[in-house]
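Before any comments, here is the structure.
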Amino acid sequence: MPKKNNRALMDVWNQFSGPKYHVIGNHDTDGGFTRDQVVEFWNAKAKYYSFDSNGFHIVVLDGNEHNESPDRPKGYARYISPVQLDWLRKDLAETSFPTIVFCHQGLDNDAGGLENGSLLRYALEKANEKSGKRKVILVISGHHHQDYYNHINGIHYVQINSASYQWLGDDFKEMRYSAEVDKTHPNIKYTVPYKDPIWAMIEIDSKGVIRIKGKENCIRRVVS
């Protein structure tokens, strides 16, 4: 989130001299910040955008738009507006490159993923159908703090785990740190933190073969 205390994290991030891209997630607006403030803080291109790199087309979606329906689920916004969806359709129609889509919330997970994920999947499948080939090959997300894979109508959907913890909620609450740490970070007891940060490296070759290699880790033990 774009608060002053996080400027040090951005300073570290900006030390990387290669290409850097951002995907807005639901917690980036915690504390009442807007998505526009997040984009400005990151110096990102936009809330949603696309670009070409090494023969691939990359699409970054903003799954944090608000559904105006009174019947929408409670909690964080997790929706793609008609305006953004129309932009996506046009963007996919204009590229001839194999395409990779990034969205924080899963398009393939109706239980906590995008509210209109099925509509997004249909848009991707129609783009493939109209092009006469498998244009959209991969969708990557990370909202659910889990590693899993789905293959739906010719498109690969990959969920990459959180870098630091898995959220378990109140049913599995446990004090893993001192009372002092719990006081300053009260949500830690609802998680199982990992010993070290985790991530995954994804390689896609010119033939469309996708290789994913994750970092092995373990759960941090309880500290008395």
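The figures here come from the full heavy-atom set of this structure, side chains too, leaving out hydrogens, waters and symmetry mates.
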Under the rule for side-chain contact (heavy atoms from CB on, under 4.5 Å), what residues qualify as partners of Lys173, not counting sequence neighbours?
Asp170, Lys189, Tyr190
Cation-pi, Tyr48 ring and Arg35 (6.0 angstrom, 45 degrees)
no
Which residue, Ile212, Val209, Ile137, forms the side chain to side chain contact (heavy atoms under 4.5 Å, CB included) with Ile204?
Ile137
By side-chain contact (heavy atoms from CB on, under 4.5 Å), Val23 pairs with (sequence neighbours left out) Val60, Phe102, His104
Going by the rule side-chain contact (heavy atoms from CB on, under 4.5 Å), which residues pair with Ser206 if we only count those two or more places apart in sequence or in a different chain?
none
Salt bridge check, Glu180 against Lys183: does any charged N sit closer than 4.0 Å to a carboxylate O?
no
What about the rings of His66 and Tyr79, do their centers lie closer together than 6.0 Å?
no
To the nearest 0.5 Å, what is the distance between CG (Asn116) and CZ (Arg78)?
10.0 Å
For the side chain of Gln159 and the backbone of His144, is there at least one donor-acceptor N/O pair under 3.5 Å apart?
yes
Distance check, rounded to the nearest 0.5 Å: Trp42 atom CH2 versus Met10 atom CE?
8.0 Å
Check residues 84-99 and write down every donor-acceptor pair under 3.5 Å in which the side-chain atom is one partner and the other belongs to a residue at least two apart or another chain.
residue, atom, partner, partner atom, Å
Gln84, OE1, Asp62, N, 2.8
Gln84, NE2, Asp62, O, 2.9
Gln84, NE2, Glu65, OE1, 2.8
Asp86, OD2, Lys90, NZ, 3.2
Asp91, OD1, Ser50, OG, 2.6
Asp91, OD2, His57, NE2, 2.6
Thr95, OG1, Phe97, N, 3.1
Thr99, OG1, Phe97, O, 3.1

Separation between CG (Leu120) and CG (Leu61), nearest 0.5 Å, reads 6.5 Å
Carboxylate-amine/guanidinium contact Asp108 Arg121, below 4.0 Å:
no
When you compare the side chains of Tyr157 and His151, does any donor N or O come within less than 3.5 Å of an acceptor on the partner?
no
If you measure from CG on Leu138 to CD1 on Ile202, what distance do you get to the nearest 0.5 Å?
6.0 Å
Which ILVMFWY residues are connected to Tyr76, directly or by a chain of links, through side-chain heavy atoms under 4.5 Å apart?
none
Where does the angle between the aromatic ring planes of Phe51 and Tyr49 fall among parallel (under 30°), tilted (30 to 60°) and perpendicular (over 60°)?
parallel
Nearest 0.5 Å, please: how far is NZ in Lys133 from OG in Ser131?
6.0 Å
Are the side chains of Ile160 and Val158 in contact, using a 4.5 Å heavy-atom criterion?
yes
My understanding is that only residues two or more places apart in sequence, or in another chain, count here; which of them pass side-chain contact (heavy atoms from CB on, under 4.5 Å) with Phe33?
Met1, Pro2, Lys3, Gln37
To the nearest 0.5 Å, tell me how far Ile140 CD1 sits from Ile58 CD1.
8.0 Å
